[in-house]
2 protein chains.
Amino acid sequence: MKLSLKVEYALRVLAQLGRYHGGPQLAHIEDLAEAEDVPSNYLVQILNELRNGGVITSRRGKQGGYALTNEPEAVSLFDVMRVIDPGLFANEPSRAGQSGSLVAEALNKIGASFEERAKEISIRDLMPRDAGPMYYI
Amino acid sequence: MKLSLKVEYALRVLAQLGRYHGGPQLAHIEDLAEAEDVPSNYLVQILNELRNGGVITSRRGKQGGYALTNEPEAVSLFDVMRVIDPGLFANEPSRAGQSGSLVAEALNKIGASFEERAKEISIRDLMPRDAGPMYYI
DNA sequence: GCTAAAGTTGAGTTCTTTACCCAACTTTGG
DNA sequence: CCAAAGTTGGGTAAAGAACTCAACTTTAGC
(Lines give C-alpha, C1' and ligand atoms only; values in the text may rest on other atoms or scores of the structure.)
Protein backbone atom coordinates (compact mmCIF):
# COMPACT_ATOMS: atom_id res chain seq x y z
CA MET A 1 0.00 0.00 0.00
CA LYS A 2 2.21 2.73 -1.33
CA LEU A 3 1.21 5.68 0.86
CA SER A 4 3.24 8.84 0.75
CA LEU A 5 5.58 9.85 3.56
CA LYS A 6 3.52 12.99 3.78
CA VAL A 7 0.48 11.02 4.90
CA GLU A 8 2.53 9.18 7.50
CA TYR A 9 3.93 12.44 8.78
CA ALA A 10 0.47 13.96 9.00
CA LEU A 11 -0.90 11.00 10.94
CA ARG A 12 1.98 10.90 13.37
CA VAL A 13 1.68 14.60 14.03
CA LEU A 14 -2.08 14.35 14.49
CA ALA A 15 -1.56 11.50 16.91
CA GLN A 16 0.75 13.79 18.82
CA LEU A 17 -1.80 16.58 18.75
CA GLY A 18 -4.21 14.03 20.14
CA ARG A 19 -2.01 13.78 23.21
CA TYR A 20 -2.22 17.52 23.69
CA HIS A 21 -5.98 17.42 23.28
CA GLY A 22 -7.82 18.36 26.45
CA GLY A 23 -4.71 19.99 27.86
CA PRO A 24 -4.34 23.75 28.24
CA GLN A 25 -1.36 24.19 25.94
CA LEU A 26 -1.05 24.49 22.21
CA ALA A 27 1.54 22.43 20.40
CA HIS A 28 4.46 24.16 18.70
CA ILE A 29 5.83 23.17 15.33
CA GLU A 30 9.28 22.47 16.68
CA ASP A 31 7.98 20.25 19.46
CA LEU A 32 5.78 18.30 17.08
CA ALA A 33 8.63 17.93 14.61
CA GLU A 34 10.96 16.61 17.26
CA ALA A 35 8.48 14.28 18.96
CA GLU A 36 7.41 12.65 15.72
CA ASP A 37 10.66 12.90 13.83
CA VAL A 38 9.38 14.99 10.96
CA PRO A 39 11.49 17.68 9.23
CA SER A 40 10.13 20.90 10.66
CA ASN A 41 10.40 22.84 7.41
CA TYR A 42 8.25 20.27 5.71
CA LEU A 43 5.90 20.01 8.62
CA VAL A 44 5.01 23.66 8.15
CA GLN A 45 3.39 22.79 4.84
CA ILE A 46 1.57 19.81 6.21
CA LEU A 47 0.12 21.74 9.15
CA ASN A 48 -0.99 24.41 6.72
CA GLU A 49 -2.92 21.95 4.63
CA LEU A 50 -4.46 20.38 7.69
CA ARG A 51 -5.61 23.79 8.86
CA ASN A 52 -7.01 24.71 5.44
CA GLY A 53 -8.75 21.36 5.46
CA GLY A 54 -10.32 22.14 8.83
CA VAL A 55 -8.65 19.28 10.68
CA ILE A 56 -6.65 21.50 13.01
CA THR A 57 -6.78 25.08 14.19
CA SER A 58 -3.93 27.43 14.93
CA ARG A 59 -3.15 30.53 16.86
CA ARG A 60 -0.48 33.04 15.94
CA GLY A 61 1.99 34.94 18.00
CA LYS A 62 3.49 34.18 21.35
CA GLN A 63 1.58 31.37 23.08
CA GLY A 64 0.49 30.35 19.60
CA GLY A 65 0.41 26.80 18.31
CA TYR A 66 -1.77 24.06 16.92
CA ALA A 67 -4.65 21.97 18.20
CA LEU A 68 -7.16 19.46 16.86
CA THR A 69 -10.42 21.05 15.74
CA ASN A 70 -12.54 18.09 16.88
CA GLU A 71 -12.29 15.17 19.27
CA PRO A 72 -9.68 12.60 18.21
CA GLU A 73 -12.36 9.90 17.85
CA ALA A 74 -14.30 12.10 15.43
CA VAL A 75 -11.49 12.36 12.87
CA SER A 76 -10.93 9.36 10.62
CA LEU A 77 -7.83 8.51 8.65
CA PHE A 78 -9.96 9.03 5.58
CA ASP A 79 -10.60 12.63 6.63
CA VAL A 80 -6.88 13.18 6.95
CA MET A 81 -5.92 11.45 3.69
CA ARG A 82 -8.53 13.37 1.76
CA VAL A 83 -6.93 16.61 2.90
CA ILE A 84 -3.29 15.64 2.62
CA ASP A 85 -3.34 13.48 -0.50
CA PRO A 86 -6.54 14.27 -2.40
CA GLY A 87 -5.50 12.30 -5.49
CA LEU A 88 -5.68 9.13 -3.39
CA PHE A 89 -9.45 9.00 -3.55
CA ALA A 90 -10.33 11.41 -6.32
CA ASN A 91 -9.12 9.70 -9.47
CA GLU A 92 -11.25 7.40 -11.54
CA PRO A 93 -9.46 4.77 -13.58
CA SER A 94 -9.71 5.27 -17.33
CA ARG A 95 -12.32 3.30 -19.26
CA ALA A 96 -10.38 3.22 -22.50
CA GLY A 97 -9.87 0.05 -24.46
CA GLN A 98 -12.22 -2.90 -24.81
CA SER A 99 -11.76 -3.92 -21.19
CA GLY A 100 -11.58 -0.45 -19.75
CA SER A 101 -14.93 -0.36 -18.04
CA LEU A 102 -14.71 -3.79 -16.44
CA VAL A 103 -11.23 -3.05 -15.19
CA ALA A 104 -12.36 0.32 -13.85
CA GLU A 105 -15.25 -1.36 -12.07
CA ALA A 106 -12.97 -3.89 -10.43
CA LEU A 107 -10.48 -1.26 -9.33
CA ASN A 108 -13.26 0.87 -7.93
CA LYS A 109 -14.40 -2.04 -5.78
CA ILE A 110 -10.92 -2.35 -4.33
CA GLY A 111 -10.75 1.39 -3.84
CA ALA A 112 -14.09 1.41 -2.07
CA SER A 113 -13.03 -1.12 0.52
CA PHE A 114 -9.82 0.81 1.05
CA GLU A 115 -11.84 3.93 1.66
CA GLU A 116 -14.25 2.15 3.95
CA ARG A 117 -11.45 0.81 6.09
CA ALA A 118 -9.83 4.24 6.31
CA LYS A 119 -13.11 5.63 7.61
CA GLU A 120 -13.24 3.07 10.41
CA ILE A 121 -9.96 4.14 11.99
CA SER A 122 -9.68 7.39 13.92
CA ILE A 123 -6.93 9.55 15.35
CA ARG A 124 -7.89 8.12 18.74
CA ASP A 125 -6.72 4.74 17.51
CA LEU A 126 -3.28 6.24 16.94
CA MET A 127 -2.94 7.30 20.56
CA PRO A 128 -1.69 5.09 23.40
CA ARG A 129 -4.70 3.53 25.16
CA ASP A 130 -3.44 4.00 28.69
CA ALA A 131 -2.63 7.67 28.38
CA GLY A 132 -5.17 10.22 29.49
CA PRO A 133 -4.86 13.82 28.41
CA MET A 134 -1.39 15.25 28.88
CA TYR A 135 -1.11 18.15 31.27
CA TYR A 136 2.05 20.17 31.44
CA ILE A 137 2.11 21.86 34.84
CA MET B 1 -6.84 4.71 -4.83
CA LYS B 2 -3.92 6.06 -6.77
CA LEU B 3 -2.99 3.07 -8.94
CA SER B 4 -0.48 3.53 -11.71
CA LEU B 5 -1.47 3.59 -15.35
CA LYS B 6 0.87 0.66 -15.75
CA VAL B 7 -1.34 -1.51 -13.56
CA GLU B 8 -4.42 -0.49 -15.50
CA TYR B 9 -2.70 -1.27 -18.77
CA ALA B 10 -1.61 -4.66 -17.50
CA LEU B 11 -5.10 -5.57 -16.35
CA ARG B 12 -6.74 -4.47 -19.58
CA VAL B 13 -4.27 -6.46 -21.63
CA LEU B 14 -4.70 -9.51 -19.42
CA ALA B 15 -8.45 -9.21 -19.80
CA GLN B 16 -7.87 -9.22 -23.52
CA LEU B 17 -5.60 -12.27 -23.26
CA GLY B 18 -8.44 -13.86 -21.34
CA ARG B 19 -10.57 -13.57 -24.43
CA TYR B 20 -7.94 -15.38 -26.45
CA HIS B 21 -7.71 -18.09 -23.80
CA GLY B 22 -8.93 -21.46 -25.02
CA GLY B 23 -8.56 -20.35 -28.62
CA PRO B 24 -5.87 -21.67 -30.92
CA GLN B 25 -4.15 -18.38 -31.66
CA LEU B 26 -1.59 -16.40 -29.76
CA ALA B 27 -2.12 -12.69 -29.26
CA HIS B 28 0.26 -10.25 -30.90
CA ILE B 29 1.57 -7.14 -29.22
CA GLU B 30 0.14 -4.83 -31.85
CA ASP B 31 -3.31 -6.36 -31.62
CA LEU B 32 -3.34 -6.16 -27.84
CA ALA B 33 -2.11 -2.58 -27.94
CA GLU B 34 -4.83 -1.56 -30.34
CA ALA B 35 -7.68 -3.45 -28.68
CA GLU B 36 -6.91 -2.07 -25.24
CA ASP B 37 -5.60 1.32 -26.26
CA VAL B 38 -2.16 0.93 -24.75
CA PRO B 39 0.99 2.41 -26.34
CA SER B 40 2.66 -0.58 -27.93
CA ASN B 41 6.18 0.55 -27.08
CA TYR B 42 5.26 0.65 -23.46
CA LEU B 43 3.28 -2.55 -23.63
CA VAL B 44 6.45 -4.38 -24.62
CA GLN B 45 7.85 -3.67 -21.17
CA ILE B 46 4.69 -4.67 -19.39
CA LEU B 47 4.40 -7.96 -21.21
CA ASN B 48 8.00 -8.66 -20.39
CA GLU B 49 7.43 -8.21 -16.69
CA LEU B 50 4.30 -10.33 -16.81
CA ARG B 51 6.27 -13.09 -18.49
CA ASN B 52 9.12 -12.87 -16.00
CA GLY B 53 6.51 -12.97 -13.27
CA GLY B 54 5.03 -16.15 -14.72
CA VAL B 55 1.63 -14.66 -15.46
CA ILE B 56 1.88 -15.10 -19.22
CA THR B 57 3.95 -17.15 -21.62
CA SER B 58 5.30 -16.17 -25.02
CA ARG B 59 6.51 -17.70 -28.21
CA ARG B 60 9.00 -16.13 -30.55
CA GLY B 61 9.19 -16.00 -34.27
CA LYS B 62 6.48 -16.20 -36.85
CA GLN B 63 3.25 -17.44 -35.30
CA GLY B 64 4.60 -16.15 -32.01
CA GLY B 65 2.62 -14.22 -29.44
CA TYR B 66 1.39 -14.19 -25.87
CA ALA B 67 -1.02 -16.27 -23.82
CA LEU B 68 -2.11 -16.61 -20.20
CA THR B 69 -0.13 -19.21 -18.28
CA ASN B 70 -3.13 -20.29 -16.19
CA GLU B 71 -6.90 -20.17 -16.33
CA PRO B 72 -8.29 -16.64 -16.02
CA GLU B 73 -10.13 -17.51 -12.81
CA ALA B 74 -6.87 -18.68 -11.24
CA VAL B 75 -5.11 -15.33 -11.57
CA SER B 76 -6.05 -12.64 -9.06
CA LEU B 77 -5.52 -8.91 -9.39
CA PHE B 78 -3.17 -9.26 -6.46
CA ASP B 79 -1.00 -11.64 -8.48
CA VAL B 80 -0.83 -9.09 -11.27
CA MET B 81 -0.13 -6.11 -9.04
CA ARG B 82 2.59 -7.92 -7.19
CA VAL B 83 4.38 -8.47 -10.48
CA ILE B 84 3.74 -5.10 -12.11
CA ASP B 85 4.02 -2.81 -9.10
CA PRO B 86 5.87 -4.68 -6.35
CA GLY B 87 6.24 -1.60 -4.17
CA LEU B 88 2.47 -1.55 -3.74
CA PHE B 89 2.51 -4.39 -1.22
CA ALA B 90 6.14 -4.63 -0.21
CA ASN B 91 6.77 -1.47 1.77
CA GLU B 92 6.29 -1.18 5.49
CA PRO B 93 5.49 2.25 6.89
CA SER B 94 8.21 3.73 9.07
CA ARG B 95 7.94 3.41 12.84
CA ALA B 96 9.87 6.57 13.60
CA GLY B 97 8.62 9.16 16.05
CA GLN B 98 6.57 8.64 19.18
CA SER B 99 3.50 7.58 17.23
CA GLY B 100 5.31 5.66 14.51
CA SER B 101 4.35 2.18 15.55
CA LEU B 102 0.67 2.87 16.15
CA VAL B 103 0.42 4.68 12.84
CA ALA B 104 2.23 1.85 11.07
CA GLU B 105 -0.15 -0.64 12.65
CA ALA B 106 -3.18 1.29 11.47
CA LEU B 107 -1.85 1.67 7.95
CA ASN B 108 -1.03 -2.01 7.79
CA LYS B 109 -4.61 -2.83 8.65
CA ILE B 110 -5.81 -0.74 5.75
CA GLY B 111 -3.20 -2.28 3.51
CA ALA B 112 -4.27 -5.78 4.53
CA SER B 113 -7.88 -5.23 3.55
CA PHE B 114 -6.75 -3.74 0.27
CA GLU B 115 -4.66 -6.83 -0.38
CA GLU B 116 -7.46 -9.14 0.62
CA ARG B 117 -9.88 -7.51 -1.77
CA ALA B 118 -7.36 -7.68 -4.61
CA LYS B 119 -7.05 -11.40 -4.04
CA GLU B 120 -10.79 -11.90 -4.39
CA ILE B 121 -10.99 -10.55 -7.92
CA SER B 122 -9.65 -12.53 -10.87
CA ILE B 123 -8.90 -11.90 -14.51
CA ARG B 124 -12.11 -13.78 -15.26
CA ASP B 125 -14.00 -10.96 -13.57
CA LEU B 126 -12.53 -8.58 -16.11
CA MET B 127 -13.96 -10.51 -19.05
CA PRO B 128 -17.48 -10.08 -20.44
CA ARG B 129 -19.75 -12.69 -18.83
CA ASP B 130 -21.60 -13.71 -21.96
CA ALA B 131 -18.54 -14.34 -24.09
CA GLY B 132 -17.23 -17.87 -24.42
CA PRO B 133 -13.73 -18.46 -25.75
CA MET B 134 -12.97 -16.55 -28.92
CA TYR B 135 -12.22 -18.65 -31.96
CA TYR B 136 -10.80 -17.06 -35.06
CA ILE B 137 -11.60 -19.37 -37.95
C1' DG C 1 4.73 50.58 21.98
C1' DC C 2 8.76 47.28 21.64
C1' DT C 3 10.29 43.07 21.08
C1' DA C 4 10.81 38.32 20.80
C1' DA C 5 8.36 34.21 19.96
C1' DA C 6 5.43 32.18 17.50
C1' DG C 7 2.67 30.99 13.04
C1' DT C 8 2.06 32.32 7.54
C1' DT C 9 3.14 32.50 2.82
C1' DG C 10 5.15 31.54 -1.36
C1' DA C 11 8.95 30.44 -4.05
C1' DG C 12 12.73 27.41 -5.16
C1' DT C 13 15.44 22.92 -5.37
C1' DT C 14 16.84 18.24 -5.73
C1' DC C 15 15.85 13.53 -6.53
C1' DT C 16 13.07 9.79 -7.99
C1' DT C 17 9.47 7.78 -10.56
C1' DT C 18 6.37 7.43 -14.36
C1' DA C 19 5.36 6.80 -18.87
C1' DC C 20 6.95 6.61 -22.46
C1' DC C 21 10.35 5.92 -27.38
C1' DC C 22 13.76 3.57 -30.22
C1' DA C 23 17.21 0.66 -32.26
C1' DA C 24 19.58 -3.49 -32.53
C1' DC C 25 19.10 -8.39 -31.79
C1' DT C 26 17.16 -13.20 -31.77
C1' DT C 27 14.04 -16.68 -32.96
C1' DT C 28 11.14 -19.29 -36.03
C1' DG C 29 7.73 -20.75 -39.77
C1' DG C 30 7.37 -21.33 -44.49
C1' DC D 1 16.86 -17.41 -46.33
C1' DC D 2 13.78 -13.97 -45.07
C1' DA D 3 10.12 -11.74 -43.09
C1' DA D 4 7.36 -11.58 -39.09
C1' DA D 5 7.26 -11.96 -34.74
C1' DG D 6 9.14 -11.44 -29.74
C1' DT D 7 13.63 -9.75 -26.76
C1' DT D 8 16.82 -6.65 -24.69
C1' DG D 9 18.68 -2.62 -23.09
C1' DG D 10 19.29 2.05 -23.36
C1' DG D 11 17.51 6.71 -23.21
C1' DT D 12 14.43 10.70 -22.08
C1' DA D 13 10.93 14.26 -20.93
C1' DA D 14 7.65 15.61 -17.58
C1' DA D 15 5.67 15.26 -13.21
C1' DG D 16 5.61 14.50 -8.38
C1' DA D 17 7.73 13.89 -3.76
C1' DA D 18 10.30 15.59 -0.22
C1' DC D 19 12.25 18.80 1.24
C1' DT D 20 14.68 24.09 2.08
C1' DC D 21 14.60 29.06 2.70
C1' DA D 22 13.55 33.72 3.38
C1' DA D 23 10.50 37.35 4.20
C1' DC D 24 6.25 38.55 6.48
C1' DT D 25 2.52 38.94 10.09
C1' DT D 26 0.53 38.39 14.49
C1' DT D 27 0.47 38.46 19.46
C1' DA D 28 1.81 38.19 24.63
C1' DG D 29 4.06 40.36 27.96
C1' DC D 30 6.98 43.69 29.74
Side-chain angles (χ1 to χ4, degrees), chain A residues 2-13 17 20 24-34 36-53 55-69 81 84-88 90-91 93-94 96-97, chain B residues 2-13 17 20 24-34 36-53 55-69 81 84-88 90-91 93-94 96-97:
Chain A
K2 183 182 42 190
L3 288 174
S4 64
L5 250 188
K6 197 177 181 183
V7 166
E8 286 184 37
Y9 286 163
L11 292 176
R12 295 220 298 264
V13 166
L17 283 177
Y20 280 80
Q25 304 212 345
L26 296 178
H28 302 152
I29 290 188
E30 290 303 330
D31 298 341
L32 293 171
E34 195 179 350
E36 297 297 346
D37 197 19
V38 175
S40 65
N41 281 330
Y42 191 29
L43 183 53
V44 166
Q45 272 184 43
I46 295 174
L47 290 171
N48 233 286
E49 294 178 27
L50 288 173
R51 181 168 41 85
N52 293 335
V55 178
I56 63 179
T57 58
S58 63
R59 230 176 87 189
R60 287 186 162 195
K62 240 174 160 171
Q63 315 288 39
Y66 296 92
L68 293 179
T69 304
M81 292 177 183
I84 289 298
D85 197 344
L88 246 189
N91 62 2
S94 143
Chain B
K2 183 182 44 190
L3 288 175
S4 63
L5 250 189
K6 197 178 181 184
V7 165
E8 287 184 37
Y9 286 163
L11 292 177
R12 296 220 298 265
V13 165
L17 283 177
Y20 278 81
Q25 302 211 348
L26 296 177
H28 302 151
I29 290 187
E30 288 304 329
D31 298 340
L32 293 171
E34 194 179 349
E36 297 297 346
D37 198 19
V38 176
S40 66
N41 281 330
Y42 192 28
L43 183 53
V44 166
Q45 272 183 46
I46 296 174
L47 290 171
N48 233 285
E49 294 178 26
L50 289 173
R51 181 168 42 84
N52 292 335
V55 177
I56 62 178
T57 57
S58 62
R59 230 175 86 186
R60 286 186 162 194
K62 242 176 159 168
Q63 315 288 38
Y66 295 92
L68 293 178
T69 304
M81 292 176 182
I84 289 297
D85 198 344
L88 247 187
N91 63 1
S94 143

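Letters A, B, ... mirror the listed sequences (proteins, then strands); counts begin at 1.
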S.K.: Quick one: Leu47(A) CG to dA6(C) C1', roughly how many Å, whole number?
M.R.: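 From Leu47(A) CG to dA6(C) C1': 13 Å.
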S.K.: Using whole Å, report how far CD of Glu49(A) lies from C1' of dC19(D).
M.R.: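 Rounded to whole Å, this separation is 13 Å.
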S.K.: How far apart are the C-alpha atoms of Val13(B) and Ile46(B), what are their side-chain angles, what is the distance that settles it, and do they pass the side-chain contact (heavy atoms from CB on, under 4.5 Å) test?
M.R.: CA-CA 9 Å; Val13(B) 165; Ile46(B) 296 174; over 6 Å; no
S.K.: Scan nucleotides 25-30 of chain C nucleotide by nucleotide, 5' to 3', and note B when protein non-hydrogen atoms come under 4.0 Å of the base, S if they reach only the sugar-phosphate, - if neither.
M.R.: -BBBBS
S.K.: How long is the span from the OG1 atom in Thr69(B) to the CZ atom in Arg51(B), to the nearest 0.5 Å?
M.R.: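 Interatomic distance, Thr69(B) OG1 to Arg51(B) CZ, rounded to 0.5 Å: 10.5 Å.
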S.K.: Figure out the CG/C1' separation between Leu26(A) and dT26(D), and round it to whole Å.
M.R.: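 Value for this atom pair: 14 Å.
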S.K.: For Arg51(A) and dT25(D), what is the distance between atoms CZ and C1' respectively, to the nearest whole Å?
M.R.: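 Roughly 12 Å, once rounded to whole Å.
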S.K.: Taking the side chain as everything from C-beta on, heavy atoms only, tell me whether Leu68(A) gets closer than 4.5 Å to Tyr20(A).
M.R.: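 Sidechains of Tyr20(A) and Leu68(A): no contact.
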S.K.: Has Asn48(A) got a side-chain N or O lying under 4.0 Å from the OP1 or OP2 atom of dT9(C)?
M.R.: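 So the side chain of Asn48(A) is within the cut-off, an N or O lying under 4.0 Å from OP1 or OP2 of dT9(C).
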S.K.: Using the C1' atoms of the five pairs at each end, what is the angle between the end axes of the helix from dG1(C)-dC30(D) to dG30(C)-dC1(D), to 10°?
M.R.: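 It works out to 10° between the end axes.
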S.K.: Compare all side-chain heavy atoms of Lys2(B) with those of Asp85(A) and state whether any distance is below 4.5 angstrom.
M.R.: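 Yes; the side chains approach each other to less than 4.5 Å.
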S.K.: Are Met81(A) and Leu3(A) packed together at the side-chain level, in the sense that at least one heavy-atom pair is separated by less than 4.5 angstrom?
M.R.: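 Sidechains of Leu3(A) and Met81(A): in contact.
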S.K.: Considering only heavy atoms from C-beta outward, does the side chain of Tyr66(B) approach that of Ile29(B) to under 4.5 Å?
M.R.: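 Answer yes - side chains close enough.
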S.K.: If the sugar-phosphate is the primed atoms plus P, OP1 and OP2 and the base is the rest, what is the B/S/- string for nucleotides 16-24 of chain C, using protein heavy atoms under 4.0 Å?
M.R.: --SBBBB--
S.K.: In this structure, how many angstroms lie between the P atom of dT7(D) and the CD atom of Glu30(B), rounded?
M.R.: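 Going from CD in Glu30(B) over to P in dT7(D) covers 14 Å.
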S.K.: Less than 4.5 Å apart, side chain to side chain, heavy atoms only: is that true for Ile84(B) and Glu49(B)?
M.R.: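 When only atoms from C-beta onward are counted, Glu49(B) and Ile84(B) do touch, with a gap below 4.5 Å.
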S.K.: In Å, rounded to the nearest 0.5 Å, how long is the span from CG of Leu26(B) to CG of Asp31(B)?
M.R.: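 Interatomic distance, Leu26(B) CG to Asp31(B) CG, rounded to 0.5 Å: 11.5 Å.
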